[in-house]
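What you see below is based on every heavy atom in this structure, not just the backbone, and it leaves out hydrogens, waters and symmetry mates.
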Amino acid sequence: MPPTGALYSDSAEAILEDIERQFHLDADVLVSLTKAYLDELAEGLGAYGNALAMIPTFVTGVPDGTETGTFLALDLGGTNLRVCEVQLHGDQTFDLRQQKYKVSEELKTGDASALFDYLADSVDAFLTDSTTTAAPPGLPSGIPSSLSSPAISSPSIDTDPPALHLGLTFSFPVEQKALDSGVLLTWTKGFSAKNAIGHDVVQLLQHAFDKKHMHVKCVALVNDTVGALLSRSYTAGGCILGAIFGTGTNGAYVEDVAKITKLGNSPAAARGGQMIVNTEWGAFNNTRSHLPTTPFDNKLDRESINPRFQAFEKFISGMYLGEITRNVILALVDAAPQPVLFGGKATDVINKHYGLDSAVMSNIEEAWGASDELKAESAKIAAPTSLSSPRWESSLSPTEGVRLQRVREVLVAKLGFAPADVSLRDAAVVRRVVTMVAERAAKLSGCAVAATLVQIERAVLGGGPSPSPRKGEDTKIGVGVDGSLIEFYPNYERTLRESLRLLVGEEVERRVDIGMAKDGSGVGAALCALQAIKQEQKHRALPSRKL
(Lines give C-alpha, C1' and ligand atoms only; values in the text may rest on other atoms or scores of the structure.)
Protein backbone atom coordinates (compact mmCIF):
# COMPACT_ATOMS: atom_id res chain seq x y z
CA MET A 1 0.00 0.00 0.00
CA PRO A 2 1.48 3.38 -0.94
CA PRO A 3 2.00 5.98 1.75
CA THR A 4 -0.85 8.39 2.34
CA GLY A 5 1.50 11.36 2.26
CA ALA A 6 1.58 14.35 4.51
CA LEU A 7 -1.43 15.25 6.60
CA TYR A 8 -4.15 16.66 4.37
CA SER A 9 -4.69 20.12 5.83
CA ASP A 10 -7.78 22.24 6.15
CA SER A 11 -6.22 24.71 3.67
CA ALA A 12 -5.90 21.97 1.06
CA GLU A 13 -9.54 21.01 1.58
CA ALA A 14 -10.48 24.70 1.31
CA ILE A 15 -8.71 24.95 -2.06
CA LEU A 16 -10.62 21.92 -3.35
CA GLU A 17 -13.94 23.20 -2.01
CA ASP A 18 -13.36 26.56 -3.71
CA ILE A 19 -12.80 24.84 -7.07
CA GLU A 20 -15.91 22.72 -6.58
CA ARG A 21 -17.95 25.86 -5.93
CA GLN A 22 -16.77 27.29 -9.24
CA PHE A 23 -17.98 24.21 -11.12
CA HIS A 24 -21.27 23.87 -9.25
CA LEU A 25 -24.41 24.85 -11.18
CA ASP A 26 -27.46 25.63 -9.09
CA ALA A 27 -31.00 25.95 -10.42
CA ASP A 28 -30.83 29.72 -10.90
CA VAL A 29 -27.70 29.45 -13.05
CA LEU A 30 -29.20 26.70 -15.22
CA VAL A 31 -32.40 28.68 -15.77
CA SER A 32 -30.45 31.84 -16.61
CA LEU A 33 -28.31 29.92 -19.12
CA THR A 34 -31.39 28.41 -20.77
CA LYS A 35 -33.02 31.83 -21.09
CA ALA A 36 -29.83 33.21 -22.64
CA TYR A 37 -29.78 30.31 -25.09
CA LEU A 38 -33.37 31.02 -26.12
CA ASP A 39 -32.49 34.68 -26.69
CA GLU A 40 -29.55 33.78 -28.95
CA LEU A 41 -31.69 31.19 -30.72
CA ALA A 42 -34.26 33.84 -31.62
CA GLU A 43 -31.53 36.14 -32.92
CA GLY A 44 -30.12 33.33 -35.05
CA LEU A 45 -33.53 32.54 -36.56
CA GLY A 46 -34.00 36.21 -37.40
CA ALA A 47 -30.73 37.08 -39.09
CA TYR A 48 -27.65 35.56 -40.64
CA GLY A 49 -24.19 36.13 -39.16
CA ASN A 50 -24.92 35.29 -35.52
CA ALA A 51 -22.69 33.02 -33.44
CA LEU A 52 -25.62 30.68 -32.83
CA ALA A 53 -26.04 30.29 -36.57
CA MET A 54 -29.44 28.48 -36.71
CA ILE A 55 -28.79 27.28 -40.26
CA PRO A 56 -31.86 26.39 -42.35
CA THR A 57 -31.26 22.93 -43.83
CA PHE A 58 -34.19 22.88 -46.28
CA VAL A 59 -35.05 19.43 -44.96
CA THR A 60 -38.80 19.70 -44.47
CA GLY A 61 -39.66 16.16 -43.42
CA VAL A 62 -38.53 13.25 -41.30
CA PRO A 63 -38.97 9.53 -41.93
CA ASP A 64 -41.29 7.46 -39.78
CA GLY A 65 -39.78 4.03 -40.39
CA THR A 66 -42.22 2.80 -43.05
CA GLU A 67 -40.11 3.98 -46.00
CA THR A 68 -38.35 1.51 -48.29
CA GLY A 69 -35.65 1.76 -50.93
CA THR A 70 -31.90 1.80 -51.43
CA PHE A 71 -29.85 4.97 -51.03
CA LEU A 72 -26.20 5.93 -51.04
CA ALA A 73 -24.23 8.17 -48.73
CA LEU A 74 -20.83 9.74 -49.30
CA ASP A 75 -19.06 11.04 -46.21
CA LEU A 76 -16.03 13.31 -46.69
CA GLY A 77 -14.52 14.92 -43.64
CA GLY A 78 -10.89 14.00 -43.18
CA THR A 79 -8.17 11.55 -44.13
CA ASN A 80 -10.71 8.95 -45.23
CA LEU A 81 -13.90 9.13 -47.19
CA ARG A 82 -16.67 6.62 -46.74
CA VAL A 83 -19.25 5.28 -49.16
CA CYS A 84 -22.38 3.66 -47.70
CA GLU A 85 -25.34 1.83 -49.13
CA VAL A 86 -28.45 1.78 -46.96
CA GLN A 87 -31.36 -0.52 -47.72
CA LEU A 88 -34.54 0.52 -45.90
CA HIS A 89 -36.94 -2.32 -45.15
CA GLY A 90 -40.00 -0.27 -44.19
CA ASP A 91 -40.22 -1.70 -40.67
CA GLN A 92 -37.82 0.71 -38.92
CA THR A 93 -34.88 -1.54 -39.82
CA PHE A 94 -32.20 -1.25 -42.48
CA ASP A 95 -29.09 -2.95 -43.81
CA LEU A 96 -25.85 -1.01 -44.10
CA ARG A 97 -22.89 -1.78 -46.31
CA GLN A 98 -19.92 0.58 -46.33
CA GLN A 99 -16.34 0.99 -47.46
CA LYS A 100 -13.62 3.48 -46.60
CA TYR A 101 -11.19 4.98 -49.11
CA LYS A 102 -7.98 6.90 -48.40
CA VAL A 103 -7.70 10.55 -49.42
CA SER A 104 -4.08 11.36 -50.27
CA GLU A 105 -2.33 14.62 -49.49
CA GLU A 106 -2.06 15.26 -53.24
CA LEU A 107 -5.85 15.10 -53.55
CA LYS A 108 -6.33 17.36 -50.53
CA THR A 109 -4.05 20.06 -51.96
CA GLY A 110 -4.38 19.60 -55.74
CA ASP A 111 -7.12 20.75 -58.05
CA ALA A 112 -10.70 20.28 -56.95
CA SER A 113 -11.57 18.43 -60.16
CA ALA A 114 -9.12 15.65 -59.23
CA LEU A 115 -10.58 15.40 -55.73
CA PHE A 116 -14.18 15.17 -56.91
CA ASP A 117 -13.20 12.73 -59.67
CA TYR A 118 -11.71 10.56 -56.95
CA LEU A 119 -14.94 10.77 -54.96
CA ALA A 120 -16.86 9.60 -58.01
CA ASP A 121 -14.32 6.84 -58.67
CA SER A 122 -14.73 5.63 -55.10
CA VAL A 123 -18.51 5.47 -55.44
CA ASP A 124 -18.07 3.64 -58.75
CA ALA A 125 -15.68 1.12 -57.17
CA PHE A 126 -18.09 0.60 -54.30
CA LEU A 127 -20.99 -0.07 -56.65
CA THR A 128 -18.89 -2.34 -58.84
CA ASP A 129 -18.02 -4.45 -55.80
CA SER A 130 -21.67 -4.55 -54.72
CA THR A 131 -23.71 -7.72 -54.97
CA THR A 132 -26.90 -5.75 -54.27
CA THR A 133 -29.11 -4.55 -57.08
CA ALA A 134 -30.07 -0.97 -56.44
CA ALA A 135 -33.77 -0.24 -56.27
CA PRO A 136 -35.59 3.07 -56.53
CA PRO A 137 -37.17 4.36 -53.35
CA GLY A 138 -40.60 3.26 -52.26
CA LEU A 139 -42.63 5.78 -50.30
CA PRO A 140 -45.38 4.86 -47.86
CA SER A 141 -48.87 6.26 -47.93
CA GLY A 142 -50.77 7.65 -45.01
CA ILE A 143 -47.74 9.01 -43.16
CA PRO A 144 -49.08 10.65 -40.00
CA SER A 145 -46.25 13.08 -39.46
CA SER A 146 -47.07 16.67 -40.29
CA LEU A 147 -43.64 16.87 -41.88
CA SER A 148 -44.12 13.98 -44.31
CA SER A 149 -45.19 14.37 -47.91
CA PRO A 150 -47.98 12.35 -49.50
CA ALA A 151 -47.14 9.23 -51.43
CA ILE A 152 -46.63 9.58 -55.15
CA SER A 153 -47.66 6.72 -57.41
CA SER A 154 -44.45 6.84 -59.43
CA PRO A 155 -41.60 7.11 -56.92
CA SER A 156 -38.67 7.43 -59.29
CA ILE A 157 -37.94 10.90 -60.60
CA ASP A 158 -35.28 9.75 -63.07
CA THR A 159 -35.42 8.11 -66.44
CA ASP A 160 -34.66 4.44 -67.01
CA PRO A 161 -32.35 3.03 -65.77
CA PRO A 162 -33.21 4.50 -62.39
CA ALA A 163 -30.51 6.53 -60.73
CA LEU A 164 -29.32 5.77 -57.25
CA HIS A 165 -29.88 8.77 -55.03
CA LEU A 166 -27.00 9.90 -52.84
CA GLY A 167 -26.72 12.10 -49.79
CA LEU A 168 -23.41 13.92 -49.30
CA THR A 169 -22.04 14.57 -45.82
CA PHE A 170 -19.50 17.31 -46.45
CA SER A 171 -17.86 18.33 -43.17
CA PHE A 172 -16.58 21.73 -44.26
CA PRO A 173 -18.11 25.21 -43.98
CA VAL A 174 -20.69 25.73 -46.71
CA GLU A 175 -23.43 28.25 -47.37
CA GLN A 176 -26.50 26.15 -48.07
CA LYS A 177 -29.39 27.71 -49.97
CA ALA A 178 -31.23 24.50 -50.88
CA LEU A 179 -31.22 20.87 -49.88
CA ASP A 180 -29.14 19.96 -52.94
CA SER A 181 -26.92 23.03 -53.09
CA GLY A 182 -24.08 24.39 -50.97
CA VAL A 183 -21.23 26.77 -51.75
CA LEU A 184 -17.89 26.00 -50.10
CA LEU A 185 -16.79 28.94 -47.93
CA THR A 186 -13.38 27.65 -46.86
CA TRP A 187 -11.42 24.45 -46.46
CA THR A 188 -10.43 23.07 -43.02
CA LYS A 189 -8.80 19.86 -41.70
CA GLY A 190 -5.75 20.10 -43.94
CA PHE A 191 -7.65 20.44 -47.23
CA SER A 192 -6.77 23.23 -49.65
CA ALA A 193 -7.88 21.94 -53.04
CA LYS A 194 -7.87 24.70 -55.65
CA ASN A 195 -10.89 25.95 -57.58
CA ALA A 196 -13.41 24.76 -55.01
CA ILE A 197 -14.01 27.73 -52.70
CA GLY A 198 -17.00 29.70 -53.94
CA HIS A 199 -18.33 26.75 -55.94
CA ASP A 200 -21.32 24.50 -55.30
CA VAL A 201 -19.93 21.22 -53.98
CA VAL A 202 -23.02 19.27 -55.05
CA GLN A 203 -22.55 20.47 -58.63
CA LEU A 204 -18.85 19.59 -58.53
CA LEU A 205 -19.67 16.06 -57.39
CA GLN A 206 -22.55 15.63 -59.85
CA HIS A 207 -20.31 16.80 -62.71
CA ALA A 208 -17.82 14.09 -61.77
CA PHE A 209 -20.58 11.47 -61.76
CA ASP A 210 -21.90 12.67 -65.14
CA LYS A 211 -18.45 12.61 -66.76
CA LYS A 212 -18.24 8.92 -65.89
CA HIS A 213 -21.81 8.27 -67.07
CA MET A 214 -22.72 6.97 -63.63
CA HIS A 215 -26.39 6.53 -62.75
CA VAL A 216 -25.96 8.33 -59.44
CA LYS A 217 -27.62 11.58 -58.50
CA CYS A 218 -26.50 13.69 -55.53
CA VAL A 219 -29.80 14.99 -54.16
CA ALA A 220 -28.91 16.15 -50.65
CA LEU A 221 -26.15 17.95 -48.78
CA VAL A 222 -26.38 17.08 -45.10
CA ASN A 223 -24.85 17.84 -41.72
CA ASP A 224 -24.14 14.84 -39.47
CA THR A 225 -26.32 16.26 -36.68
CA VAL A 226 -29.27 16.51 -39.06
CA GLY A 227 -28.40 12.96 -40.09
CA ALA A 228 -28.59 11.84 -36.46
CA LEU A 229 -32.11 13.26 -36.21
CA LEU A 230 -33.18 11.48 -39.41
CA SER A 231 -31.53 8.22 -38.39
CA ARG A 232 -33.28 8.12 -35.03
CA SER A 233 -36.56 9.17 -36.60
CA TYR A 234 -36.47 6.19 -38.95
CA THR A 235 -35.64 3.60 -36.29
CA ALA A 236 -37.93 5.06 -33.61
CA GLY A 237 -40.86 6.19 -35.75
CA GLY A 238 -40.29 9.89 -35.10
CA CYS A 239 -37.85 12.40 -33.64
CA ILE A 240 -37.78 16.17 -33.09
CA LEU A 241 -34.18 16.74 -31.92
CA GLY A 242 -30.86 15.27 -32.99
CA ALA A 243 -27.89 15.98 -30.73
CA ILE A 244 -24.20 15.12 -30.71
CA PHE A 245 -22.45 14.79 -27.35
CA GLY A 246 -19.03 13.42 -28.18
CA THR A 247 -15.71 14.88 -29.31
CA GLY A 248 -17.75 17.90 -30.34
CA THR A 249 -21.35 18.91 -29.79
CA ASN A 250 -24.21 20.23 -31.88
CA GLY A 251 -27.97 19.99 -32.21
CA ALA A 252 -30.59 20.07 -34.96
CA TYR A 253 -34.33 20.23 -34.42
CA VAL A 254 -37.65 20.56 -36.23
CA GLU A 255 -38.82 24.19 -36.34
CA ASP A 256 -41.85 26.02 -37.74
CA VAL A 257 -40.78 27.77 -40.94
CA ALA A 258 -42.75 30.84 -39.83
CA LYS A 259 -40.27 31.30 -36.99
CA ILE A 260 -37.26 31.25 -39.36
CA THR A 261 -37.82 34.87 -40.31
CA LYS A 262 -34.42 35.28 -41.97
CA LEU A 263 -35.75 33.19 -44.88
CA GLY A 264 -37.59 36.36 -45.89
CA ASN A 265 -39.70 36.00 -49.02
CA SER A 266 -37.90 32.90 -50.28
CA PRO A 267 -39.80 29.97 -51.82
CA ALA A 268 -39.03 27.94 -48.69
CA ALA A 269 -40.70 30.56 -46.53
CA ALA A 270 -43.69 30.73 -48.87
CA ARG A 271 -44.22 26.97 -48.65
CA GLY A 272 -44.41 27.18 -44.86
CA GLY A 273 -44.68 24.03 -42.82
CA GLN A 274 -41.67 22.89 -40.82
CA MET A 275 -37.94 22.60 -41.43
CA ILE A 276 -34.98 21.09 -39.66
CA VAL A 277 -32.62 23.77 -38.34
CA ASN A 278 -28.95 23.09 -37.64
CA THR A 279 -28.29 25.18 -34.53
CA GLU A 280 -24.47 24.99 -34.37
CA TRP A 281 -25.00 25.36 -30.62
CA GLY A 282 -21.31 24.81 -29.87
CA ALA A 283 -20.93 28.57 -30.43
CA PHE A 284 -23.57 29.54 -27.86
CA ASN A 285 -22.51 32.45 -25.62
CA ASN A 286 -19.13 33.07 -27.22
CA THR A 287 -19.08 36.29 -25.20
CA ARG A 288 -19.17 34.14 -22.03
CA SER A 289 -21.60 36.56 -20.46
CA HIS A 290 -23.59 33.68 -18.94
CA LEU A 291 -21.44 30.55 -19.10
CA PRO A 292 -19.96 29.73 -15.65
CA THR A 293 -16.35 30.36 -16.63
CA THR A 294 -13.51 29.34 -14.33
CA PRO A 295 -9.78 30.13 -14.60
CA PHE A 296 -9.34 26.58 -15.91
CA ASP A 297 -11.74 27.31 -18.78
CA ASN A 298 -9.98 30.59 -19.53
CA LYS A 299 -6.63 28.82 -19.75
CA LEU A 300 -8.07 26.21 -22.11
CA ASP A 301 -9.62 28.87 -24.34
CA ARG A 302 -6.53 31.07 -24.41
CA GLU A 303 -4.34 28.15 -25.48
CA SER A 304 -6.82 26.76 -28.03
CA ILE A 305 -6.56 27.15 -31.80
CA ASN A 306 -9.78 29.23 -31.82
CA PRO A 307 -9.81 31.52 -28.76
CA ARG A 308 -13.17 33.17 -28.00
CA PHE A 309 -15.03 30.83 -30.35
CA GLN A 310 -17.08 27.66 -29.75
CA ALA A 311 -17.47 28.61 -26.09
CA PHE A 312 -20.30 26.19 -25.25
CA GLU A 313 -18.50 23.32 -26.94
CA LYS A 314 -15.42 23.95 -24.82
CA PHE A 315 -17.49 23.44 -21.67
CA ILE A 316 -19.17 20.19 -22.62
CA SER A 317 -17.48 18.24 -25.41
CA GLY A 318 -15.14 15.31 -25.06
CA MET A 319 -12.33 17.08 -26.89
CA TYR A 320 -11.99 19.57 -24.03
CA LEU A 321 -13.12 17.89 -20.80
CA GLY A 322 -9.80 16.11 -20.30
CA GLU A 323 -7.89 19.35 -20.75
CA ILE A 324 -10.09 21.17 -18.21
CA THR A 325 -9.47 18.31 -15.78
CA ARG A 326 -5.72 18.44 -16.44
CA ASN A 327 -5.71 22.18 -15.71
CA VAL A 328 -7.43 21.59 -12.36
CA ILE A 329 -5.04 18.75 -11.47
CA LEU A 330 -2.03 20.92 -12.28
CA ALA A 331 -3.41 23.70 -10.08
CA LEU A 332 -3.74 21.21 -7.20
CA VAL A 333 -0.24 19.87 -7.80
CA ASP A 334 1.14 23.42 -7.72
CA ALA A 335 -1.02 24.61 -4.81
CA ALA A 336 0.67 26.58 -2.00
CA PRO A 337 1.65 26.55 0.77
CA GLN A 338 1.53 22.80 0.18
CA PRO A 339 0.45 20.68 -2.79
CA VAL A 340 -2.97 19.07 -2.73
CA LEU A 341 -2.08 16.25 -5.14
CA PHE A 342 0.73 13.76 -5.66
CA GLY A 343 3.07 15.46 -3.22
CA GLY A 344 3.68 18.18 -5.81
CA LYS A 345 4.86 15.74 -8.49
CA ALA A 346 3.65 15.70 -12.11
CA THR A 347 4.25 13.39 -15.06
CA ASP A 348 4.81 13.95 -18.79
CA VAL A 349 1.14 13.17 -19.37
CA ILE A 350 -0.01 15.75 -16.84
CA ASN A 351 2.42 18.36 -18.18
CA LYS A 352 1.48 17.84 -21.83
CA HIS A 353 -1.09 20.06 -23.50
CA TYR A 354 -4.17 17.86 -24.05
CA GLY A 355 -2.24 15.01 -22.45
CA LEU A 356 -5.25 13.84 -20.43
CA ASP A 357 -7.99 12.42 -22.65
CA SER A 358 -11.64 12.36 -21.63
CA ALA A 359 -11.44 8.58 -22.03
CA VAL A 360 -9.22 8.54 -18.91
CA MET A 361 -11.94 10.42 -17.05
CA SER A 362 -14.37 7.72 -18.09
CA ASN A 363 -11.93 5.05 -16.89
CA ILE A 364 -11.76 6.76 -13.49
CA GLU A 365 -15.55 6.97 -13.21
CA GLU A 366 -15.87 3.31 -14.19
CA ALA A 367 -13.21 2.31 -11.66
CA TRP A 368 -15.09 4.15 -8.95
CA GLY A 369 -18.33 2.50 -10.07
CA ALA A 370 -20.61 5.27 -8.85
CA SER A 371 -23.88 3.51 -9.56
CA ASP A 372 -27.21 4.42 -7.97
CA GLU A 373 -26.96 1.95 -5.10
CA LEU A 374 -23.58 3.37 -4.07
CA LYS A 375 -24.51 7.07 -4.10
CA ALA A 376 -24.61 7.21 -0.31
CA GLU A 377 -21.03 6.02 -0.05
CA SER A 378 -20.01 8.38 -2.86
CA ALA A 379 -21.44 11.27 -0.87
CA LYS A 380 -19.50 10.17 2.19
CA ILE A 381 -16.18 10.38 0.37
CA ALA A 382 -17.11 13.68 -1.25
CA ALA A 383 -18.14 15.27 2.07
CA PRO A 384 -16.39 18.63 2.59
CA THR A 385 -14.44 17.65 5.72
CA SER A 386 -13.75 13.98 4.95
CA LEU A 387 -10.34 14.33 3.33
CA SER A 388 -8.91 16.64 6.00
CA SER A 389 -9.60 14.18 8.80
CA PRO A 390 -6.39 12.64 10.26
CA ARG A 391 -8.18 9.29 10.37
CA TRP A 392 -9.66 9.61 6.90
CA GLU A 393 -8.15 6.44 5.42
CA SER A 394 -8.95 4.29 8.45
CA SER A 395 -12.56 5.49 8.28
CA LEU A 396 -13.07 4.10 4.76
CA SER A 397 -15.41 1.17 4.41
CA PRO A 398 -14.01 -1.94 2.68
CA THR A 399 -16.07 -1.09 -0.42
CA GLU A 400 -14.74 2.46 -0.51
CA GLY A 401 -11.19 1.26 -0.13
CA VAL A 402 -11.50 -1.23 -2.98
CA ARG A 403 -13.04 1.34 -5.27
CA LEU A 404 -10.39 3.96 -4.53
CA GLN A 405 -7.70 1.36 -5.09
CA ARG A 406 -9.14 0.78 -8.57
CA VAL A 407 -9.04 4.53 -9.23
CA ARG A 408 -5.45 4.61 -8.02
CA GLU A 409 -4.53 1.86 -10.47
CA VAL A 410 -5.99 3.89 -13.33
CA LEU A 411 -3.90 6.92 -12.32
CA VAL A 412 -0.77 4.82 -12.29
CA ALA A 413 -1.53 3.16 -15.61
CA LYS A 414 -2.86 6.15 -17.55
CA LEU A 415 -1.06 9.17 -16.10
CA GLY A 416 2.41 7.66 -15.78
CA PHE A 417 2.86 7.90 -12.01
CA ALA A 418 4.95 5.49 -10.00
CA PRO A 419 2.74 3.51 -7.61
CA ALA A 420 4.51 5.01 -4.59
CA ASP A 421 3.55 8.53 -5.75
CA VAL A 422 -0.22 7.97 -5.70
CA SER A 423 -2.10 7.61 -2.42
CA LEU A 424 -5.72 6.66 -1.89
CA ARG A 425 -6.27 10.27 -0.87
CA ASP A 426 -4.91 11.36 -4.27
CA ALA A 427 -7.30 8.93 -5.91
CA ALA A 428 -10.22 10.40 -3.97
CA VAL A 429 -9.28 13.97 -4.94
CA VAL A 430 -8.86 13.17 -8.64
CA ARG A 431 -12.19 11.36 -8.67
CA ARG A 432 -13.86 14.45 -7.19
CA VAL A 433 -12.25 16.63 -9.87
CA VAL A 434 -13.27 14.30 -12.70
CA THR A 435 -16.85 14.10 -11.44
CA MET A 436 -17.34 17.84 -11.06
CA VAL A 437 -16.03 18.56 -14.58
CA ALA A 438 -18.20 15.85 -16.16
CA GLU A 439 -21.31 16.74 -14.16
CA ARG A 440 -21.06 20.37 -15.21
CA ALA A 441 -20.82 19.28 -18.84
CA ALA A 442 -23.87 17.01 -18.61
CA LYS A 443 -25.95 19.67 -16.85
CA LEU A 444 -25.07 22.25 -19.50
CA SER A 445 -26.05 19.72 -22.16
CA GLY A 446 -29.41 19.51 -20.44
CA CYS A 447 -29.83 23.28 -20.88
CA ALA A 448 -29.57 22.94 -24.67
CA VAL A 449 -32.12 20.12 -24.75
CA ALA A 450 -34.49 21.99 -22.41
CA ALA A 451 -34.27 25.19 -24.46
CA THR A 452 -35.14 23.26 -27.62
CA LEU A 453 -38.24 21.75 -25.97
CA VAL A 454 -39.34 25.22 -24.83
CA GLN A 455 -38.73 26.68 -28.30
CA ILE A 456 -40.90 24.07 -30.03
CA GLU A 457 -43.61 24.52 -27.37
CA ARG A 458 -43.32 21.05 -25.90
CA ALA A 459 -42.26 22.38 -22.48
CA VAL A 460 -42.38 25.44 -20.24
CA LEU A 461 -39.19 26.71 -18.64
CA GLY A 462 -39.41 26.12 -14.92
CA GLY A 463 -41.90 23.29 -15.29
CA GLY A 464 -45.60 23.77 -14.79
CA PRO A 465 -48.40 22.55 -17.05
CA SER A 466 -47.02 21.06 -20.24
CA PRO A 467 -48.43 22.37 -23.53
CA SER A 468 -50.76 19.89 -25.19
CA PRO A 469 -49.20 18.11 -28.17
CA ARG A 470 -50.30 19.43 -31.55
CA LYS A 471 -52.60 17.37 -33.71
CA GLY A 472 -50.68 14.37 -35.00
CA GLU A 473 -47.85 14.80 -32.47
CA ASP A 474 -46.89 11.91 -30.23
CA THR A 475 -46.91 12.49 -26.48
CA LYS A 476 -43.45 10.93 -26.56
CA ILE A 477 -40.73 13.48 -27.34
CA GLY A 478 -38.10 11.79 -29.51
CA VAL A 479 -34.46 12.83 -29.09
CA GLY A 480 -31.79 11.10 -31.16
CA VAL A 481 -28.28 11.30 -29.76
CA ASP A 482 -24.83 10.22 -30.87
CA GLY A 483 -21.33 10.63 -29.50
CA SER A 484 -18.95 8.96 -27.10
CA LEU A 485 -20.00 10.95 -24.02
CA ILE A 486 -23.70 10.19 -24.19
CA GLU A 487 -23.07 6.57 -25.22
CA PHE A 488 -20.20 5.54 -22.97
CA TYR A 489 -19.47 8.07 -20.21
CA PRO A 490 -20.83 6.77 -16.87
CA ASN A 491 -23.92 8.64 -15.64
CA TYR A 492 -23.76 11.30 -18.37
CA GLU A 493 -27.32 10.77 -19.53
CA ARG A 494 -28.58 10.47 -15.97
CA THR A 495 -27.07 13.84 -15.05
CA LEU A 496 -28.36 15.43 -18.26
CA ARG A 497 -31.84 14.21 -17.32
CA GLU A 498 -31.49 15.64 -13.81
CA SER A 499 -30.78 19.05 -15.37
CA LEU A 500 -33.65 18.61 -17.84
CA ARG A 501 -36.04 17.67 -15.04
CA LEU A 502 -35.10 20.76 -13.06
CA LEU A 503 -35.61 23.02 -16.08
CA VAL A 504 -38.84 21.68 -17.61
CA GLY A 505 -40.37 19.57 -14.88
CA GLU A 506 -40.64 15.87 -14.18
CA GLU A 507 -43.74 15.30 -16.33
CA VAL A 508 -42.04 16.51 -19.51
CA GLU A 509 -38.71 14.87 -18.70
CA ARG A 510 -40.42 11.48 -18.37
CA ARG A 511 -41.81 11.83 -21.89
CA VAL A 512 -38.42 12.60 -23.42
CA ASP A 513 -37.31 9.44 -25.23
CA ILE A 514 -33.52 9.63 -25.62
CA GLY A 515 -32.15 6.99 -27.96
CA MET A 516 -28.95 6.39 -29.88
CA ALA A 517 -28.94 7.63 -33.46
CA LYS A 518 -25.92 5.91 -34.87
CA ASP A 519 -24.03 7.12 -37.91
CA GLY A 520 -25.67 10.39 -38.82
CA SER A 521 -23.00 11.00 -41.47
CA GLY A 522 -23.77 7.64 -43.17
CA VAL A 523 -27.24 6.30 -42.50
CA GLY A 524 -28.54 9.82 -41.84
CA ALA A 525 -27.17 11.12 -45.14
CA ALA A 526 -28.84 8.26 -47.02
CA LEU A 527 -32.12 9.08 -45.26
CA CYS A 528 -31.67 12.71 -46.26
CA ALA A 529 -31.48 11.52 -49.87
CA LEU A 530 -34.80 9.77 -49.26
CA GLN A 531 -36.28 12.98 -47.89
CA ALA A 532 -35.01 14.92 -50.91
CA ILE A 533 -36.94 12.60 -53.22
CA LYS A 534 -40.09 12.97 -51.13
CA GLN A 535 -39.80 16.77 -51.19
CA GLU A 536 -39.18 16.82 -54.94
CA GLN A 537 -42.24 14.68 -55.58
CA LYS A 538 -44.35 16.83 -53.27
CA HIS A 539 -43.30 20.02 -55.03
CA ARG A 540 -44.03 18.48 -58.45
CA ALA A 541 -47.46 17.42 -57.27
CA LEU A 542 -48.40 20.90 -56.06
CA PRO A 543 -50.27 23.11 -58.55
CA SER A 544 -48.25 26.02 -59.85
CA ARG A 545 -49.22 29.42 -58.57
CA LYS A 546 -48.23 32.96 -59.31
CA LEU A 547 -46.24 34.79 -56.68
Side-chain angles (χ1 to χ4, degrees), residues 34-35 37-48 50 52-64 143-150 176-179 220 222-223 225-230 232-233 236-243 250-281 284 447-461 465-480 503-504 508 511-513 527-528 531-532 534-535 538-539 542 545 547:
T34 306
K35 288 179 178 178
Y37 182 97
L38 286 166
D39 289 342
E40 287 198 28
L41 181 153
E43 293 173 1
L45 291 175
Y48 291 95
N50 287 284
L52 200 63
M54 308 301 293
I55 301 170
T57 67
F58 303 93
V59 179
T60 57
V62 297
D64 70 352
I143 297 174
S145 170
S146 60
L147 283 175
S148 300
S149 59
Q176 194 164 351
K177 294 297 185 182
L179 182 51
V222 63
N223 168 274
T225 312
V226 175
L229 192 162
L230 296 175
R232 180 61 183 173
S233 188
C239 185
I240 55 90
L241 169 64
N250 192 15
Y253 74 102
V254 179
E255 179 63 280
D256 290 334
V257 170
K259 294 182 180 179
I260 314 174
T261 55
K262 65 184 176 184
L263 289 174
N265 296 321
S266 67
R271 284 190 289 267
Q274 294 180 301
M275 181 184 293
I276 296 176
V277 173
N278 169 23
T279 66
E280 293 294 338
W281 71 32
F284 163 57
C447 289
V449 176
T452 303
L453 300 187
V454 173
Q455 173 65 18
I456 63 173
E457 301 174 14
R458 299 296 291 270
V460 174
L461 186 58
S466 175
S468 300
R470 302 177 189 179
K471 184 178 180 180
E473 283 184 341
D474 196 342
T475 56
K476 178 180 70 175
I477 303 171
V479 177
L503 290 165
V504 299
V508 172
R511 292 194 287 114
V512 174
D513 178 31
L527 286 163
C528 198
Q531 182 57 35
K534 292 167 70 174
Q535 291 178 202
K538 181 177 181 179
H539 296 160
L542 291 174
R545 60 179 179 178
L547 297 179

Are any of the side-chain heavy atoms of L230 and P63 separated by less than 4.5 Å?
yes
Does some side-chain heavy atom of I276 sit less than 4.5 Å from a side-chain heavy atom of T60?
no
Closest non-hydrogen atom pair between G272 and V257, with its separation:
O-CG2, 3.4 Å
Of the non-hydrogen atoms in T279 and G251, which two are nearest, and what is the gap between them?
OG1-O, 2.7 Å
Looking at CD of Q535 and SG of C528, how far apart are the two atoms once the value is rounded to the nearest 0.5 Å?
7.5 Å
Should L41 and E43 count as side-chain neighbours, where that means a heavy-atom distance under 4.5 Å?
no
For the atom pair CG (L241) and CG (L453), what is the distance rounded to the nearest 0.5 Å?
7.0 Å
Give me the atom names and distance for the closest heavy-atom approach of V508 to A459.
CG1-CB, 3.9 Å
Partners of A269 by side chain to side chain contact (heavy atoms under 4.5 Å, CB included), sequence neighbours excluded?
L263, S266
Checking side chain to side chain contact (heavy atoms under 4.5 Å, CB included) for the pair N223/N250: CA distance, chi angles, key distance, verdict?
CA-CA 10 Å; N223 168 274; N250 192 15; 4.0 Å; yes
Would you check if V59 and L179 make a side-chain contact, meaning some heavy-atom pair closer than 4.5 Å?
yes
Could you tell me whether the side chain of K476 and the main chain of V512 form a donor-acceptor pair under 3.5 Å?
no
Tell me whether K259 at atom NZ has more than 12 heavy atoms from other residues, nucleotides or ligands lying less than 6.0 Å away.
yes
For L38 and A451, which heavy atoms make the closest approach, and how far apart are they?
CD2-O, 3.3 Å
Partner residues of I55 under the side chain to side chain contact (heavy atoms under 4.5 Å, CB included) criterion, sequence neighbours left out:
A53, N278, E280
The ring pair (Phe, Tyr, Trp, His ring centres under 6.0 Å) partners of Y37 (sequence neighbours excluded) come to F284
Looking at every heavy atom in both Y253 and I456, which two are closest together, and how far apart are they?
CD1-CG2, 3.5 Å
Checking side-chain polar atoms at under 3.5 Å, does Q274 have a donor or acceptor matched by the opposite partner on E255?
no
Is the shortest heavy-atom distance from the side chain of Y48 to the side chain of P56 under 4.5 Å?
yes
Closest non-hydrogen atom pair, C239 against G478
SG-O, 3.5 Å
Quick one: CG on L503 to NZ on K35, what's the gap to the nearest 0.5 Å?
11.0 Å
Side chains of E40 and M54 in contact at under 4.5 Å (non-hydrogen atoms)
no
Residue pair M275 / T57, side-chain heavy-atom distance below 4.5 Å:
yes
